[in-house]
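Remarks on the structure that follows.
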Number of protein chains: 4
Amino acid sequence: MDQHRTEVAFPDILAALDLPRVPQQARSRQKRDAILTAAAELFEERGYDATTADDIADAASVSIGTFYSYFRNKRQVFLTLYAASIEDILELGITEIDFATNPRQAIRETVMRALQRDKLFYSLRQAWSELLPRDPEIANYNYQINRLIYQQMLVAGRRVKAQGLTWPELDLEATCWIIVLLLDQALHNMPGPKETSRAELERHQEALINLIYHALFRTA
Amino acid sequence: MDQHRTEVAFPDILAALDLPRVPQQARSRQKRDAILTAAAELFEERGYDATTADDIADAASVSIGTFYSYFRNKRQVFLTLYAASIEDILELGITEIDFATNPRQAIRETVMRALQRDKLFYSLRQAWSELLPRDPEIANYNYQINRLIYQQMLVAGRRVKAQGLTWPELDLEATCWIIVLLLDQALHNMPGPKETSRAELERHQEALINLIYHALFRTA
Amino acid sequence: MDQHRTEVAFPDILAALDLPRVPQQARSRQKRDAILTAAAELFEERGYDATTADDIADAASVSIGTFYSYFRNKRQVFLTLYAASIEDILELGITEIDFATNPRQAIRETVMRALQRDKLFYSLRQAWSELLPRDPEIANYNYQINRLIYQQMLVAGRRVKAQGLTWPELDLEATCWIIVLLLDQALHNMPGPKETSRAELERHQEALINLIYHALFRTA
Amino acid sequence: MDQHRTEVAFPDILAALDLPRVPQQARSRQKRDAILTAAAELFEERGYDATTADDIADAASVSIGTFYSYFRNKRQVFLTLYAASIEDILELGITEIDFATNPRQAIRETVMRALQRDKLFYSLRQAWSELLPRDPEIANYNYQINRLIYQQMLVAGRRVKAQGLTWPELDLEATCWIIVLLLDQALHNMPGPKETSRAELERHQEALINLIYHALFRTA
DNA sequence: AATGAATGAGAGTTCATTCAT
DNA sequence: TATGAATGAACTCTCATTCAT
């Protein structure tokens, strides 16, 4: 894994989506928000494909013309929602975490930060997984975010590796990328198609934390 | 993770898909195969949604009427292909592997078996990822297969745990499920949206193997 | 051709279009003019259909509401522009030209007057040709103007015919109408879809003049 | 006017329109014809823009899907009709006419051939004039046909010019092009927006013939 | 068993015009 | 008088599926 590849900062990624400006007037903002809220609900309920632009306009009590004056199309509505739901990922701040003193606790914190997103994010998971495989731009967007997390992980990883805390033969780059993929999977699929109990979810999270811990650190 | 849940054997999973009978007559079999082959190629090339029933019929040099006499719809064509592409997963035979003598090598073998599928499987990955999020039956199918792998993993895991080779505090069930999810993710997304070199792919595989190894086994 | 049909004077034709009053206030007049200027430019650039009311309002730095307070619709904007562009046709003054002394030169002058319109006129040709076939009122408007030219032509024609300068068998009415149609065609389509050089254009004009000359006058 | 420009043969012009193949099966041919007939009627009645694809399908007692399986869009229906309506122009055969013995009669024949088209042609004039200004391909198509007539005219013209029958100062190329434009105008607009009587039409035609005659030939 | 013409619901999008502020 | 958000009818085109032959 080459850490010298184009380092894309987060705002650039968002900017690349070319989302419409948020209107300044209060009334317009309300309509726009009504559309977004209605869309998020329908996306969660029925999924992305099964939701039409008409459905969203109806649910938002707005005409279809208004819908198209605020958003270029259904995809852009999703993109706007997704961008909003993902902004807090910026705050991951992995590089500032101290992994040396209490590694397992530090990893727990990191994993929690990565997995605990706001309600909106979870309501969009369904739509996201429908669009991802068909939409190269969204796929790339997801990839960029994963790269961002990867790079932060790498900085912290190098520090603990230099301190001799990790397995001697560790391939830090490759391992970090695998962990990123694992977190991505966990984020989108951990509860599984079957509903899981809270207790079970916590067992899984703990296992995930331990798995990452043992992947990197030598000591039990 | 509750290992006493409905233990679904593989043939049952396949049967649940209610696939059309394979015709006995040679000529019919040929037509059916032509449709399947054409569909697999188009699914790989354009993806599932972008491939129409007409496209498949044309590519198979078969009329659209014939297409619909062999398959109820496009989805069923995919299901048939996917069922075929996944049959070899039965042969995983994790339970028969000896993880005690050379654990890392045993894990490497397991991972390789899990990741190295036939050509057909890889050509269906795109279509699979398009359908999975929209099709509860396919999602469930995928879940059942993951359960199957999980259960095999659990049998082998209990053995090595009983021998005291694993971390003492190990939550075997939860960890195995996480590993299954990781393998699923690796299977479908490891190369990532950007093309990766062969060397990089191997580094990732090795990191994956080590990660699983350290997740379970105490010794370096 | 019946020269006794309704003889429509030019101001009446314009009045029939029911154009909006020109506002008296200077600021209003400016807005109105901005709309007209912007519309003329866009009509020339993109054509009539491809120009939306929004486009015009934007280009005129005026709200769409203001646009509709000055003009009933896009069509009326065009009508206003077209009426303005065509006012100078009044000055044709064919009846005052002396066709007896130097007929060819007199015809040249007439043709030039007919073909040389102001810049605005030429910028509206595209829009005009889009609207004419769909808009009976505009078609009638065009017809009235052609009738006007025809009538002037007829007056001059009768004079030279009385002097015995024309072909003896000449059907003056019918021939004048054909000439009017020819001038109409020349006005709107002479350069043709392919770009023509200045020299070629002049050859065509000269040929047109000679053609009209020979159609009427006996002598070489 | 350069007579050495690309000489485009008629079949090439038609081929350039890329029209759909005429179906071979009788039933399909009937449906296709029903669509074409219905379209021609509606185009004449309401014009091109005011006729929708749905209107045509309805009038042809055919589903909209069927409409789109036979034609890519409304424009292609028009193109197909227009190509059919214009095929007979091939038979103009101006080059074979003897203009020397009885020039006026020969011109009369030519003009009649040029103006007397089949019923279909006249029913499409309205649609044609709506599309021409907006559709560069159709404009070019019309231009190519005019060029074709022009070239035939030129061959005949050179012959009579060589025999010394024409005006000595005649610019044959430019004059022929003007005549072509005049014929084009006559073809599409001669009756004018007001209905003309049969007698008036004949007077106009005769004037047109005389006009062309005098434009070229010296003798009365 | 095979054909492929026919169907039509439904998706996405535009834009002239209105009207509350 | 000016604004511009809001409207929604209208239009084009697609494609899974049926069914008469």
field: Nucleic acid footprint by protein, nucleotides 15-21 of chain F - heavy-atom cut-off 4.0 Å, B for base, S for sugar-phosphate alone
entry: SSBB---
Give the table of side-chain donor-acceptor pairs shorter than 3.5 Å for residues 46-54 of chain A, with sequence neighbours excluded, one pair per line with atom names and distance.
| unit_1 | atom_1 | unit_2 | atom_2 | d |
| --- | --- | --- | --- | --- |
| A:R46 | NH1 | A:D55 | OD2 | 3.0 |
| A:Y48 | OH | A:R75 | N | 3.1 |
| A:D49 | OD1 | A:R134 | NH1 | 3.4 |
| A:D49 | OD1 | A:R134 | NH2 | 2.7 |
| A:D49 | OD2 | A:R134 | NH1 | 3.2 |
| A:D49 | OD2 | B:R134 | NH1 | 2.8 |
| A:T51 | OG1 | A:L42 | O | 3.4 |
| A:T51 | OG1 | A:G47 | O | 2.7 |
| A:T52 | OG1 | A:D54 | N | 3.3 |
| A:T52 | OG1 | A:D55 | N | 3.0 |
| A:T52 | OG1 | A:D55 | OD1 | 3.4 |
| A:T52 | OG1 | A:D55 | OD2 | 3.3 |

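In terms of the side-chain contact (heavy atoms from CB on, under 4.5 Å) criterion, residue partners of B:S28 (sequence neighbours excluded) are, by chain and number, B:P23, B:Q25, B:Y70. Qualifying side chain to side chain donor-acceptor pair (under 3.5 Å) partners for D:E44, counting only residues two or more places apart in sequence or in other chains: none. When the side chain to side chain donor-acceptor pair (under 3.5 Å) test is applied to A:T66, the partners found at least two apart in sequence or on another chain are A:S63.
Within 4.0 Å (heavy atoms only), B:F71 reaches no atom of the nucleic acid at all.
At whole-Å resolution of the value, OH in A:Y70 and C1' in E:dG12 are 20 Å apart. Distance, B:D58 CG to E:dA5 P: 11 Å, rounded to whole Å. Rounded to an integer number of Å, the gap from CZ of B:F67 to C1' of E:dA1 is 17 Å. Straight-line distance from the CD atom of D:Q30 to the C1' atom of E:dA6: 14 Å, rounded to whole Å. Between the CD1 atom of C:I35 and the P atom of F:dT1 there is a distance of 13 Å, given to the nearest Å. A straight line from CZ of D:R32 to P of E:dG4 spans 19 Å, rounded to a whole angstrom.
Not one side-chain nitrogen or oxygen of A:K31 sits closer than 4.0 Å to the OP1 or OP2 atom of F:dA5.
Nearest heavy-atom pair across B:A57 and B:F67 is CB-CB, 4.3 Å.
Ring-centre distance between D:H188 and D:F121: below the 6.0 Å cut-off.
Two residues are said to be in side-chain contact when any heavy atoms from C-beta on lie closer than 4.5 Å; B:F43 and B:L81 meet this criterion. The side-chain heavy atoms of D:L79 and D:I138, taken from C-beta on, include a pair separated by under 4.5 Å.
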- prompt: What pattern of brackets, bars and dots sums up DNA chain F from 5' to 3', given Watson-Crick or G-U wobble pairs under 3.5 Å, [ ] for crossing pairs and | for another strand?
  reply: .||||||||||||||||||||
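Nearest-nucleotide positions on DNA chain E place B:S63 closer to the 5' end than the other of C:A50 and B:S63.
A distance-only check finds no donor-acceptor pair linking the side chain of A:E130 to the backbone of B:E130 [under 3.5 Å].
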